[in-house]
Amino acid sequence: MDNQEKKKLLRMMLLIRRFEEKLVALSKDPQKIGGMMIVCTGQEAAAAGSGAALLPEDVIITNHRSHGHLLAKGAEPDLIMAEIFGRRTGYNKGKSGTLHIAAPEVNALCTTTVVGGGIPIAMGTAFAAQYQQKDYVTVCYFGNGSSDEGSFHEALNMAALWNLPVIFLCENNVYAGAQRMEEHTKVQNIADRAIAYGMRGEIVDGNDALAVYEAVQRAREECLSGAGPVLIECKTYRWGGHGTADEQLYQPQDEIASWKEKCPINKLKADLLQTGALTELDYQQMETEIEQIVDQAVQFAETSPWPDPAEALEDVYV
Amino acid sequence: MQQITLGEAVNQALREEMRRDERVFIAGEGVGVSIHSGPGATSGLLEEFGPRRVKDTPVSEAGIAGLAVGASVMGLLPVVEVMFNPFFTIAADQIVNHAAKLRYLSGGKSKFPLVVRIKTGAGIGAGCQHSHNLEAWLAHSPGLKVVMPATPADAKGLLKSAIRDENPVIFIEDIILHWVPGPVPEEDYTIPIGVADIKKPGTDVTVVTWSKALGTAFKAAGQLEQEGISVEIVDLRSLVPLDEATILESVRKTGRLVILHEATRTGGFGGEIAALAAEKAFDALKAPVIRVTAPDIPVPCSKPLEDFYMPNEADLIEAIKRLF
Ligand SMILES: Cc1ncc(C[n+]2csc(CCOP(=O)(O)OP(=O)(O)O)c2C)c(N)n1
């Protein structure tokens, strides 16, 4: 990656962070946006790093913690925000809300909030690539908890059996709801499960955006050469609760603090400052631009029309 | 009498049954340590009964349901939780193909005294993968009992019956009702499964309903009362077994039947009630039977769309007026 691209990577992480901070702030006022916001604060490197390794034709299938994945795949902040606001101008005309945004325009085909639900679908989109001899890969995002669902095992087994071009990208943020990793599985690494299906598994520092980028890029090459699938586990941490309603009573304060020390944004920023690829001024400029993007998204959403109630009847069938 | 929410009533029933019978244990995602810190259906149980009897599980609905099937045939009394109704589909093989059928397949030799608690309902702005009332699917599986309480008092008494029942019982709790308080007797009591409750007597039209829609029925009945139409509200409480006698007696009295449910229309349980009236009380009907239901769409997320989905009192009033 050249310096320009590295700066883009930093910028994407910052956009994800600020976009979601805005969501959390707005959700405090039910007149603005209703319901619980599920955000990836602290995990931005996994989204941004993987997104940077993908081409427009690559497909992503994502889960409930999806805003970062969508933004990194190139989805429009305005249209995501409008969807979360429930407006007609949102990606899915208000049908989806924050939890199920589909942006087929950028091949973000499915956000599912059914834990593990996306994993077999990713196997299916990868099958279509192989069947049609097309050069794209699928990246499937899921959490450590999702690997306890039967769907995970069935999908990884089939994907490996047929050498499908799919990257199973697990964001291991230590928790699944209120359960810690050691309370929901005996394995120490989700990547260790790969061997059971005969595929390659790899552990990556999930707070190092460049490391994630490189791992996904390698896996992408492998998939395209017919040597897929690959299971990548990004070790990271959920700074906040499961969602905004969660008071995190079960999360040790010192654990949160120690992971905040490993902030993926600060890490890349420091690296770039050190090599001279970035100046403080560049960074401030980035912040300003992103603030404008996020404010603009909110303005777009707030001034967008609500759907007419009867529009609820549309889009069930083709 | 104590005023507690349906969620707290469930909690009380679980606590009392666990104290009463050592064979009762609970399992599910976050039933012990939860992301919610306020009072909930299972809060405080881990502290009282410990991790042997309050099992936090992985996110594994098929496993959770299978745990209940296997543990119950060995003499335990599992009460397992599936967080939201749509996730029941992942547990469905264990429940529908196994819990419901294994007694039959054993020629009546084995029994599976388990309870699956499931949260359900629209109105929470979470969209269709959290809100999807699938009670008709469950009612369509012989071998299961299906219970859907509308009040905290019913929830406590019915859950106790469910736990003491020797059959698999699916116990469906509306998520919004979870936060609504009502009077609940403090003592130990049960409400029999399969007995409907006339929540409001009336003479001109019967409204059969269950779960959260009961509140909608009351709102409509109040308005209609002022216009001189007297509504009798039958709260089914259990879909399986179905209290045919209470429904038919009410229909014979009023001569008019409207069914109100929050689930979607086609294949909904309302059709079953309509068929019952057609088969067994046709002569008593003075007007067609009408169903007031959600339209046949997934539950949308945006507020105006979700409001549109939800059958409301205006829909019910309009339907009832068509019968006169
Ligand atoms: C099938 C299913 N079961 C339960 C839930 C409730 N739930 C939502 S997220 C979650 C935890 C998921 O953990 P993980 O996969 O590790 O992702 P994370 O939230 O940590 O990003 C649970 C249990 C759900 N949405 N879907």
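So that the names make sense, note that chain A is the first sequence line, chain B the second, and so on, each numbered from 1.
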Checklist outcome for this item: Cut-off 4.5 Å, heavy atoms of chain B, and the answer for A:Asn92 is neither

Item to check | Rounded distance [0.5 Å steps], CD in A:Glu171 versus OG1 in A:Thr236 | outcome: 7.0 Å

Checklist entry - Should A:Tyr250 and A:Tyr175 be marked as a ring pair (Phe, Tyr, Trp, His ring centres under 6.0 Å) after you check the CA-CA gap, both sets of side-chain angles, and the distance that decides it? => result CA-CA 10 Å; A:Tyr250 53 87; A:Tyr175 289 89; 5.6 Å; yes

Next on the checklist: For A:His242 together with B:His36, are the ring centres under 6.0 Å from each other?
Outcome noted: no

Next on the checklist: Is A:Ser96 in contact with chain B via its backbone, its side chain, both, or neither, using a 4.5 Å heavy-atom distance?
Outcome noted: backbone

Checklist entry - At a heavy-atom separation under 4.5 Å, does A:Ser146 approach chain B through its side chain, its backbone, both, or neither? => result neither

Checklist entry - For A:Leu249, is it the side chain, the backbone, both or neither that has a heavy atom under 4.5 Å from a heavy atom of chain B? => result side chain

Next on the checklist: Is A:Val316 in contact with chain B via its backbone, its side chain, both, or neither, using a 4.5 Å heavy-atom distance?
Outcome noted: side chain

Checklist outcome for this item: Applying a strict 4.5 Å limit to non-hydrogen atoms, the region of A:Gln179 in contact with chain B is side chain

Checklist entry - Looking at B:Ser37, B:Pro300, B:Gly125, B:Gly127, which makes the most heavy-atom pairs under 4.5 Å with chain A? => result B:Ser37

Checklist entry - So what's closer than 4.5 Å to chain A heavy atoms on B:Pro86: side chain, backbone, both or neither? => result neither

Item to check | Most contacts with chain B, counted as non-hydrogen pairs under 4.5 angstrom, among A:Val115, A:Leu99, A:Thr112, A:Thr185 | outcome: A:Thr112

Checklist entry - Between B:Phe87 and chain A, which part of the residue has a heavy atom less than 4.5 Å away: side chain, backbone, both or neither? => result side chain

Item to check | Ionic contact status for A:Arg65 with A:Glu20, cut-off 4.0 Å | outcome: no

Checklist entry - Going through the checks in order, is the side-chain contact (heavy atoms from CB on, under 4.5 Å) test met by B:Val10 and B:Arg117? => result CA-CA 10 Å; B:Val10 166; B:Arg117 293 183 40 246; 3.5 Å; yes

Checklist entry - Checking A:Arg87 against A:Trp306: charged group under 6.0 Å from the ring centre and within 45 degrees of the axis? => result yes

Next on the checklist: In terms of relative ring orientation, are A:Tyr197 and A:His153 parallel, tilted or perpendicular, with 30° and 60° separating the classes?
Outcome noted: tilted

